[in-house]
**Student:** 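To start, I am sharing the structure in question, which I have written as structure tokens.
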There are 2 protein chains.
Amino acid sequence: MLKLTKKTDYALMAINYMAYRKEGFLANTRNISETYHIPLEQLAKILQTLSKNGIIVSHNGPKGGYTLGVDPEQFTLGEVIRAIEGPIQMIRCIEGESSCSQTEQCTIRTPLIKIEQQLVDFLDNITIDTICNENEAIDQKKAIRGLSNISP
Amino acid sequence: MLKLTKKTDYALMAINYMAYRKEGFLANTRNISETYHIPLEQLAKILQTLSKNGIIVSHNGPKGGYTLGVDPEQFTLGEVIRAIEGPIQMIRCIEGESSCSQTEQCTIRTPLIKIEQQLVDFLDNITIDTICNENEAIDQKKAIRGLSNISP
DNA sequence: TTATCGCCGATTAATTTAGTCGGACATAAT
DNA sequence: ATTATGTCCGACTAAATTAATCGGCGATAA
């Protein structure tokens, strides 16, 4: 029901983990897995997929790990979803050209395709920094909390 | 992956079938089922659900059937989805209050909830007539085709 | 009073998503 | 060189969701 899969959730968490890190920082699967309580093997696969799609960059060997391969302000939620879940389709009747048996009578298809396209556009306009910048907000909150702990 | 369920597809087809009919027209489950090749029992349930939600109105007994209970220009795709699939949630971490184990570390939740809300707003702004008016467009097309068949 | 319709709960089947297992290859440190 | 630590990859099982079916009840126009 229009829900993102857990895989996508995990992918976003991992991306979030890597975003806005110092130059040279490498995130490895275990760290991310433990931080967010994500099953290691599953996360590993997700990172591999992201890597294959160029969203993150892998560095092999010990002391290896992953780096974000894209600019958080340049690439979008839509791209992450497509990388993990495949093409976004609200409607099922296009998949694999095998037109469904109701095609003939079905007059709702065309308008729904338009709506689907609007949804894709919507997701392709949400850059990752709008999701990951929250970190800074939290850091700020912590800083404020720190201050208020001191002041009284 | 952000896909509508078949149930919702069926619901939209059924609504489409009922929209813009003459006063007094009753659509029965069998007709709709045969027209769109939708399994009868399944469609029956969907129509019952729609009826329970006031989207369509049931008329019991022989010669009975359903009528659209709302104005296609007043009610929206979002409402149909909610009636059939329950509340729209892109994100899973809210469902039933049972906060997931990564809540503590998860900084992407808040921004995603905002995005989800935007999605809901989007769906709540698509009125059913934008989906069902296609009928008229097709009628028009047929009319034009008819004309061009005559003219040469 | 009966045939035709909607109404309802429970069950099964199919599909999709989530998570696991086992083993390969790469490479920095010893 | 050998080893420990990392990525990489395919096949598999388990769980959850979605789709479809079954059997029986209640309403009502003919």
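For the numbers below, each heavy atom of this structure counts, side chains included, while hydrogens, waters and symmetry mates do not. Naming: A, B, ... by sequence-line order, numbering from 1 per chain.
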**Student:** Taking CG from B:L40 and P from D:dA19, how many angstroms apart are they, rounded to a whole number?
**Tutor:** 17 Å
**Student:** When you measure from the side-chain N and O atoms of A:R92 to the phosphate of C:dT15, is any distance below 4.0 Å, counting only OP1 and OP2?
**Tutor:** no
**Student:** Dump every N/O contact between nucleotides 5-7 of chain C and the protein below 3.5 Å, one line per pair.
**Tutor:**
| unit_1 | atom_1 | unit_2 | atom_2 | d |
| --- | --- | --- | --- | --- |
| C:dG6 | OP1 | B:T29 | N | 3.1 |
| C:dG6 | OP1 | B:T29 | OG1 | 3.2 |
| C:dG6 | OP2 | B:T29 | OG1 | 3.1 |
| C:dG6 | O4' | B:N60 | OD1 | 3.3 |
| C:dC7 | OP1 | B:S58 | OG | 2.6 |
| C:dC7 | OP2 | B:Y66 | OH | 2.6 |

**Student:** B:I84 has an atom CD1; how far is it from atom P of D:dT17, in whole Å?
**Tutor:**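 Checked: the CD1 to P distance equals 18 Å.
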**Student:** Looking at A:E85 and A:T5, would you say the former's side chain and the latter's main chain have a donor-acceptor pair under 3.5 Å?
**Tutor:** yes
**Student:** Can you tell me the distance, in whole Å, between the CD atom of B:Q42 and the P atom of C:dG9?
**Tutor:**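 In whole Å, C:dG9 P lies 17 Å from B:Q42 CD.
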**Student:** Under a 3.5 Å distance rule, please check whether A:E73 uses its side chain to pair with a backbone N or O of A:D129 as donor and acceptor.
**Tutor:** no
**Student:** How close or far is atom C1' of C:dA18 from atom NE2 of A:H37, stated in whole angstroms?
**Tutor:** 18 Å
**Student:** Round to a whole Å and report the spacing from NZ of A:K6 to C1' of D:dT17.
**Tutor:**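 Taking NZ of A:K6 and C1' of D:dT17, I get 13 Å after rounding.
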**Student:** Rounded to the nearest angstrom, tell me the gap between atom CZ in A:F25 and atom P in D:dG6.
**Tutor:**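 Checked: the CZ to P distance equals 12 Å.
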**Student:** Check the distance between D:dA19's P and B:D9's CG and give it to me in whole angstrom.
**Tutor:** 8 Å
**Student:** Would you say B:Y10 places a side-chain N or O within less than 4.0 Å of OP1 or OP2 belonging to D:dA19?
**Tutor:** no
**Student:** State whether the side chain of A:S51 and the backbone N or O of A:L47 hold a donor-acceptor pair below 3.5 Å, judged by distance alone.
**Tutor:**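 Not a single qualifying donor-acceptor pair exists.
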**Student:** For B:R82 and B:D124, run salt bridge (charged side-chain N to carboxylate O under 4.0 Å, His left out): C-alpha distance rounded to whole Å, both residues' side-chain angles, the deciding distance at 0.1 Å, then the answer.
**Tutor:** CA-CA 10 Å; B:R82 272 190 294 272; B:D124 279 343; 2.7 Å; yes
**Student:** In whole Å, I'd like the distance from the CG atom of A:L2 to the C1' atom of D:dT17.
**Tutor:**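 Rounding to the nearest Å, CG of A:L2 and C1' of D:dT17 are 15 Å apart.
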**Student:** Can a donor-acceptor pair be found, under 3.5 Å and without considering hydrogens, that links the side chain of A:T8 to the backbone of A:L4?
**Tutor:** no
**Student:** Between A:T127 and A:T130, does any side-chain donor sit less than 3.5 Å from a side-chain acceptor?
**Tutor:** no
**Student:** Using only heavy-atom distances, decide whether a donor-acceptor pair under 3.5 angstrom links the side-chain of A:K7 to the base of C:dG19.
**Tutor:** no
**Student:** Exactly one of A:T67, A:N31, A:V57 should register a side chain to side chain contact (heavy atoms under 4.5 Å, CB included) with A:L26. Which one does?
**Tutor:**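 That would be A:T67; it is the only one of A:T67, A:N31, A:V57 passing the side chain to side chain contact (heavy atoms under 4.5 Å, CB included) with A:L26.
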